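Small disclaimer: the values here were computed from a predicted structure and weren't measured.
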Amino acid sequence: QVQLVESGGGLVQPGGSLRLSCVARGSIYSIWTMGWYRQAPGKQRELVASMPSVGTTEYAEYVKGRFTISRSALKDTAWLQMNSLKPEDTAVYYCNAKGVVVTGDGKEYELWGRGTQVTVSS
């Protein structure tokens, strides 16, 4: 069974920093894109940042200059470094993987993690 496991959420004061991690576990041969989405109460899930194995990294306008996405050399782990956090960044953050090829299976899948809560409050 393949899955994404997130960690690193929590409570932080405005202006503080957090680093989220997402590890892809299971018999995964390759992953094309890994990214982070977030969903605040009463709002739709929205893209925060995504990073393909090759190509341009994408950021939502409201996190540019504050958040940085990165991936491991094996491309099976993604991090989201969040700096200068604001109360409006409060949300559940979900890891996403697209173009997931499972070993021995010729199909591509999309995976979601269960989410990790980030709360920015004084």
Of all heavy-atom pairs linking Leu20 and Val118, the shortest is CD2-CG2, 4.1 Å
Same apolar cluster (I L V M F W Y, side chains within < 4.5 Å links), Met34/Trp32: no
Across all chains, not counting sequence neighbours, the side chain to side chain contact (heavy atoms under 4.5 Å, CB included) partners of Ser21 are Ser7, Trp79
Minimal heavy-atom distance between Ile31 and Ala97, with the atoms involved, is CG2-CB, 3.8 Å
Residue set satisfying salt bridge (Lys or Arg N to Asp or Glu O under 4.0 Å) with Lys64, at least two apart, ordered chain then number -> Glu61
Sorted by chain and residue number, the side chain to side chain contact (heavy atoms under 4.5 Å, CB included) partners of Trp112 (sequence neighbours excluded) come out as Tyr37, Arg45, Tyr94, Asn96, Glu110
Closest non-hydrogen contact found for Gln39 with Ala91 is O-CB, 3.5 Å
Correct closest heavy-atom pair for Val92 and Gly115 would be CG1-CA, 3.8 Å
Residue pairs meeting salt bridge (Lys or Arg N to Asp or Glu O under 4.0 Å), one or both in residues 2-29, sequence neighbours left out, come to none
Quick note, ring-ring contact (aromatic ring centres under 6.0 Å, His included) partners involving residues 51-71, not counting sequence neighbours, are none
On a heavy-atom basis, the closest approach of Ala49 and Leu80 is CB-CD1, 4.4 Å
Here the pair of heavy atoms bringing Leu111 nearest to Leu4 is O-CD1, 3.5 Å
Is it true that a side-chain atom of Asp105 and a backbone atom of Val102 form a donor plus acceptor pair closer than 3.5 Å? no
Residue pairs meeting disulfide bond (SG atoms under 2.5 Å apart), one or both in residues 16-107, sequence neighbours left out, come to Cys22-Cys95
Does Trp36 share a hydrophobic cluster with Met82, counting links as ILVMFWY side-chain heavy atoms below 4.5 Å and allowing steps through other members?
yes
Does Glu88, at its CD atom, have more than 12 non-hydrogen atoms belonging to other residues, nucleotides or ligands within less than 6.0 Å? yes
Taken in chain and number order and not counting sequence neighbours, the residues that satisfy salt bridge (Lys or Arg N to Asp or Glu O under 4.0 Å) with Arg71 are none
Those residues at least two apart in sequence (or on a different chain) that pass side chain to side chain contact (heavy atoms under 4.5 Å, CB included) with Asp76 are Ala24, Ser72, Leu74
Residues 113-122 vs side-chain hydrogen bond (donor to acceptor under 3.5 Å, both in side chains), sequence neighbours excluded, gives Gln117-Thr119
One should read off an interatomic distance between Ile69 CD1 and Met51 CE, to the nearest 0.5 angstrom, of 7.0 Å
Here the disulfide bond (SG atoms under 2.5 Å apart) pairs for residues 29-68, sequence neighbours left out, are none
Glu108 meets the salt bridge (Lys or Arg N to Asp or Glu O under 4.0 Å) criterion, sequence neighbours left out, with none
For Lys43, the side chain to side chain contact (heavy atoms under 4.5 Å, CB included) test, sequence neighbours excluded, returns Ala40
Original post:
Should we count OH of Tyr109 as having more than 12 external heavy atoms under 6.0 Å?
Top reply: yes
